[in-house]
Each structure stands twice: as structure tokens, then as C-alpha cells.
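Let me begin by presenting the structure, written as C-alpha cells, before commenting on it.
Note that ligands are numbered from 1 as they come in the structure, with each ligand's atoms numbered from 1 the same way. Sequential numbering from 1 along the given sequence is applied to the chain's residues. Heavy atoms only: backbone and side chains are in, while hydrogens, waters and symmetry mates are out.
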Amino acid sequence: MAKDKDPKTIREIEQIFAPIKPLMTNTEAYYESSRCLFCYNAPCTLACPASIDVPLFIRQINNGNLTGAAKTIYLSNYLGNTCGKVCPTEVLCEGACVYTKMNIKSLDIGRLQNFATNTAILAKKKFFKIPGFNGKSVAVIGAGPAGISCACQLRTAGYTVDIYEARNNPSGLALHGVAPYKITNLEALMEVEFLREQVGFTVYYNKRIENQEDIKNLEKNYAAVFLGIGLGSSAKIKIEGEDKTNCIGATEFIEQIKTKPIEQPVAKKVIVLGGGNTAIDAASECARLGAEKVILVYRRSEKEMKAYYFEYDQAKVAGVVGMFNAAPVEIVGLSAVEGVRFIRTDTVNGKLITIPGSEFVIDCDLVIKATGQLKQTRMLENIPGLTVNETGKIIIDPATGQTTNPRYFAGGDAVNGGAEVVNAAAEGKMAADGIHAYLSKLN
Ligand SMILES: Cc1cc2nc3c(=O)[nH]c(=O)nc-3n(C[C@H](O)[C@H](O)[C@H](O)COP(=O)(O)OP(=O)(O)OC[C@H]3O[C@@H](n4cnc5c(N)ncnc54)[C@H](O)[C@@H]3O)c2cc1C
Ligand code: SF4
């Protein structure tokens with residue numbers, strides 16, 4: 001499948017995936033921060049799931065107090081640097097900025113956030129006071145954004161925190177999922193290390209918690225457990241031919257690109273099935289890596305796509321072509337993928353219908369399925385009294401993160417079904433406060 005224009009070196013990969021939000025220079029940061037109107041009841045802060053005091057950190061940058069700016073950010077959001085890079089700021093803080101109401105470009109809040117936090121990470125600044133051991137230990141399952149954020153907040157209340165992580169690296173999907181032109185692997189890992197060094201949690205890697213014995217051991221050794229396990233593998237679409245070679249789930253495909261970019265030359269003609277942000281990312285990454293044709297096919301109309309409009313626009317610029325109102329019915333080919341058979345669809349009285357006799361085949365040599373991720377229900381069945389809803393999301397008290405088994409708390413994708421890094425970070429932090437309140441009452 002290798003093509004002449006496939007990238008062959010790490011340098012070429014870095015150029016293909018150059019950051020879409022590059023680090024500001026001092027002059028840029030000074031100029032940009034000077035534009036802030038320091039609004040009362042700042043809409044940017046209200047729109048931030050982590051409630052960062054945006055005008056305050058922008059003013060600190062403008063005054064040259066970068067350490068203070070980074071501290072303001074980190075006291076609200078442990079993943080301040082990652083979020084500055086990967087947050088969909090266009091629909092959060094920047095989308096709410098008052099300038100947008102005046103048809104003026106909003107403040108570049110994400111990049112200002114990166115500017116301050118990057119400086120703090122490189123200088124190994126310390127922002128958190130860690131008290132002595134309070135006598136209780138908490139286990140965290142999963143070293144993704146939710147687990148890391150929960151662990152940091154628990155450490156500031158004096159708990160010993162051990163994180164059990166199935167993979168050999170922290171950061172979860174911020175490392176394995178988020179597009180490389182938003183954040184590099186090194187950047188994602190550096191922030192976790194910056195936090196670990198100053199707050200002092202322990203991570204046990206390659207340690208998947210999977211059966212009743214693992215759960216019993218945790219219950220024996222820890223006063224409470226936080227579930228930050230995220231979601232599972234890509235969902236099947238349940239059509240004929242899905243098991244053919246070169247038909248792959250989007251999260252698995254993106255993980256390969258992020259961990260083995262050179263070993264994995266992208267196909268010539270790619271079909272991506274789905275209309276969410278993951279579908280857009282997979283398509284965009286294929287186009288950037290040199291696929292000759294990348295068609296994103298969604299079974300509903302363009303305006304019904306769940307993906308952010310600005311992400312779809314960026315994908316089109318990268319060369320992705322959208323096709324709408326077409327549902328896959330079969331992956332065709334002998335043992336490997338040769339194409340996809342589709343049927344045309346329409347929405348009638350709010351219901352999606354297929355149009356008889358409208359089937360057609362598009363040739364391709366790679367199919368990427370991006371129609372959602374499974375939930376980790378099998379693992380969760382090992383926890384007595386824990387309830388999930390009909391779609392497999394863990395049920396929690398939204399004010400504390402406590403599950404229906406009082407010793408277990410949860411947050412992030414496993415609870416919200418798949419949102420953003422900033423939601424997982426905010427939910428992990430809230431659950432840590434819930435754990436602290438619960439364990440304090442047991443004294
Ligand atoms: C392709 C893709 C692109 C994305 N792009 C963006 C983006 O641009 N911006 C953005 O803000 N968000 C993005 N997201 C969403 C974001 O990455 C997630 O919302 C966020 O990472 C969720 O954090 P989490 O901690 O809940 O779960 P995860 O990040 O999934 O972390 C869960 C961790 O738990 C570990 N684990 C799971 N089960 C076990 C077990 N049984 N035992 C031990 N460890 C376990 C996993 O290995 C993983 O490290 C994207 C997601 C995907 C799939
Ligand atoms: S809304 Fe915009 S101008 Fe107002 S405080 Fe926030 S960033 Fe500054």
C-alpha cells in the first residue's frame with residue numbers, strides 16, 4: 001500500500017502535523033493580552049467547564065507575571081496546558097468572548113493559556129501545597145485526564161494516591177486520540193510529569209483492573225476508588241464484510257498513527273464512516289498523511305453532523321470530501337476491503353429512512369469506522385452495587401461524582417459518554433472533592 005509521497009521520517013511527520021495553534025512569541029502574547037476588556041462576569045469564564053478566571057490570567061500575562069498566570073490556570077484546571085491546546089475553544093471560551101458579538105476576532109484564549117502554562121512547565125514551577133499523609137489511601141483506575149485530575153486534587157488533601165493504568169503511558173485519549181496537530185505526544189506526557197513531580201501520585205503502568213479479584217484487592221487496600229476508565233474500543237456497525245482486512249475502528253486507527261506513524265503508510269482511497277469529531281479527525285489525518293482520496297460518509301444530512309463546524313471546515317481544507325445521506329450496507333471485497341456499498345437515505349417526519357433501489361458502491365482500500373466507542377460494561381460488572389444506565393454510562397451523583405456503590409466515584413468519558421478533555425479534568429477534580437467529603441464523614 002506504500003506510496004511515493006508517504007512520509008518516511010519523523011521530521012516529515014512533524015511537518016505534516018505542524019501545530020494548528022503554535023506557541024505565541026512574547027510580543028504576540030503581550031499584544032493579544034492587551035486586547036482583553038476584562039469583562040465583568042466574564043462570559044469566557046462562564047463558558048469554561050473548568051471555570052478558569054480567564055480575564056485574571058490574561059491580565060497577569062499582560063503585566064509580565066507569567067508564573068501568576070499559570071498558577072491561576074492550574075488552580076482551576078490541572079490539565080491547563082493540554083486544554084489550551086486541545087479544547088474546542090471556538091465553541092467554549094473564545095466562542096463566548098464579547099468581541100464575537102461585535103464581529104471582531106475573539107481573544108486567542110487557548111494560545112494565551114499555552115503561553116503561560118508552557119513557560120511554567122519548562123521552568124518546573126510548583127503551585128500546589130501538599131500536606132502530610134492524612135492516613136487514607138485512594139485508588140484511581142485509569143491515568144487519563146479524569147484520573148490524573150482526580151489524583152492531583154486528592155493529593156492536595158493529603159491522601160496517598162495510586163493510579164492503575166492499563167497502558168504503558170499516562171494521558172489516555174489526550175495521548176492516543178487527540179489529533180497530533182493539536183498536541184504532540186511529548187507535550188501531553190510533559191504536563192502529567194510536571195504534575196506528578198510536584199503532587200506525588202504513583203502510577204502503576206500495564207496494570208489493567210479487570211476481574212473480581214482485582215476489585216477485591218483494591219477494596220482491601222484503599223478507602224475509596226475513582227473510576228476514570230474512559231470508553232472502550234470502536235463500536236461495530238454490524239454490516240456484512242466488517243471483518244475484512246483494512247476495515248478498522250477510528251480510535252484504533254488514530255492510535256496507530258500516534259504511536260507508529262512511519263510504520264503505517266496510509267491507503268490511497270479511504271472511506272470514513274461517521275459524522276462526529278472522531279470521524280473528522282480520522283479523515284483529516286489520512287488526508288494530511290497523503291491519501292489520494294478521503295471521503296467522509298455520514299448517513300444523515302450535513303447539518304445533522306455532530307462534529308464541530310470548524311473542525312469539518314479544517315478537514316475540507318486538508319482535502320477531505322463529505323458525502324451525506326448515505327448509509328453503509330456492506331463492505332465489499334475478497335479478503336481485503338475493495339469498497340463500500342451504500343444506500344441513499346432521507347429524513348421523513350424526523351425518522352431516517354432508506355430509499356429502495358438507490359444502492360451504489362464506492363471503491364476504496366481502507367474503511368475507517370467512526371460511529372462511536374463501546375462502554376466498558378464487562379469490567380464494571382465486577383463492582384458490586386454499581387449501576388450503569390441503558391447506554392452503559394456510569395450513574396453518579398452529579399454534585400459529588402459518587403456512584404451507587406458509595407466507595408466508588410467516577411468521572412470523564414465513562415460517565416458523560418465521551419466529551420472533551422476539559423470535562424474529564426473538571427469531573428475528576430469534582431469527584432476528588434466528593435471522595436474527600438465522603439471519607440471525612442466516616443471519621
Ligand atoms: C479520536 C479522538 C479525538 C479527540 N479529540 C479531542 C480534542 O481535540 N479535544 C478534546 O478536548 N477532547 C478530544 N477527545 C476526547 C478526549 O480525549 C476525552 O474526552 C478524554 O480523554 C476523556 O478522559 P478520560 O480520563 O475520561 O478517559 P481516557 O482519556 O479514555 O482515559 C482512560 C484511561 O483509563 C485506562 N483504562 C481503561 N480501562 C482500564 C482498566 N480497566 N484498568 C486500568 N486502566 C484502564 C485507559 O488506558 C486510559 O489511559 C478526543 C477523543 C477521541 C477518541
Ligand atoms: S470575554 Fe473576551 S474580552 Fe471579555 S474578559 Fe473574556 S477574553 Fe477578555
**OP:** Name all residues meeting the side chain to side chain contact (heavy atoms under 4.5 Å, CB included) criterion together with K125; count only those two or more places apart in sequence or in a different chain, and write none if there are none.
**Re:**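 Partners of K125 under the side chain to side chain contact (heavy atoms under 4.5 Å, CB included) test: T67, A120, A123, F127.
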**OP:** If a pair satisfies ring-ring contact (aromatic ring centres under 6.0 Å, His included) and one of its residues is in residues 195-231, list it, with sequence neighbours excluded.
**Re:**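 The answer is Y164-Y204.
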Subject >> Test item: Q113 side-chain N/O and I73 main-chain N/O as donor-acceptor pair under 3.5 Å >> reply: no
**OP:** Please report the shortest heavy-atom distance between A279 and V272, naming the atom on each side.
**Re:**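 Taking every non-hydrogen atom into account, O-CG1, 3.6 Å.
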**OP:** State, to 0.1 Å, how close L366 and A267 come at their nearest heavy-atom pair, and which atoms those are.
**Re:** CB-CB, 3.5 Å
**OP:** Decide if the gap between the ring center of Y312 and the ring center of Y298 is smaller than 6.0 angstrom.
**Re:**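 Ring centroids of Y312 and Y298 are no less than 6.0 Å from each other.
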Original post:
When you look for protein heavy atoms under 4.0 Å from ligand 1, which residues do they belong to?
Top reply: V86, I141, G142, G144, P145, A146, Y164, E165, A166, R167, G172, L173, A174, G177, V178, K182, K207, R208, I209, G228, I229, G230, T251, I254, T278, D281, Q373, Q376, M379, G412, D413, A419, E420, V421, A424
**OP:** Check the surroundings of atom NZ in K216: do more than 12 heavy atoms from other residues, nucleotides or ligands lie under 6.0 Å from it?
**Re:**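 No, not enclosed.
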Original post:
Which atoms of the protein, restricted to N, O or S, are nearer than 2.8 Å to atom 2 (Fe) of ligand 2?
Top reply: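 Short answer, with waters excluded from the count: C97 SG.
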Subject >> Residue pair Y99, L107: steps toward the side chain to side chain contact (heavy atoms under 4.5 Å, CB included) verdict >> reply: CA-CA 8 Å; Y99 276 121; L107 259 281; 3.3 Å; yes
Original post:
Honestly, is R59 close enough over F38, meaning NZ or CZ under 6.0 Å from the six-membered ring centre and within 45° of the axis?
Top reply: yes
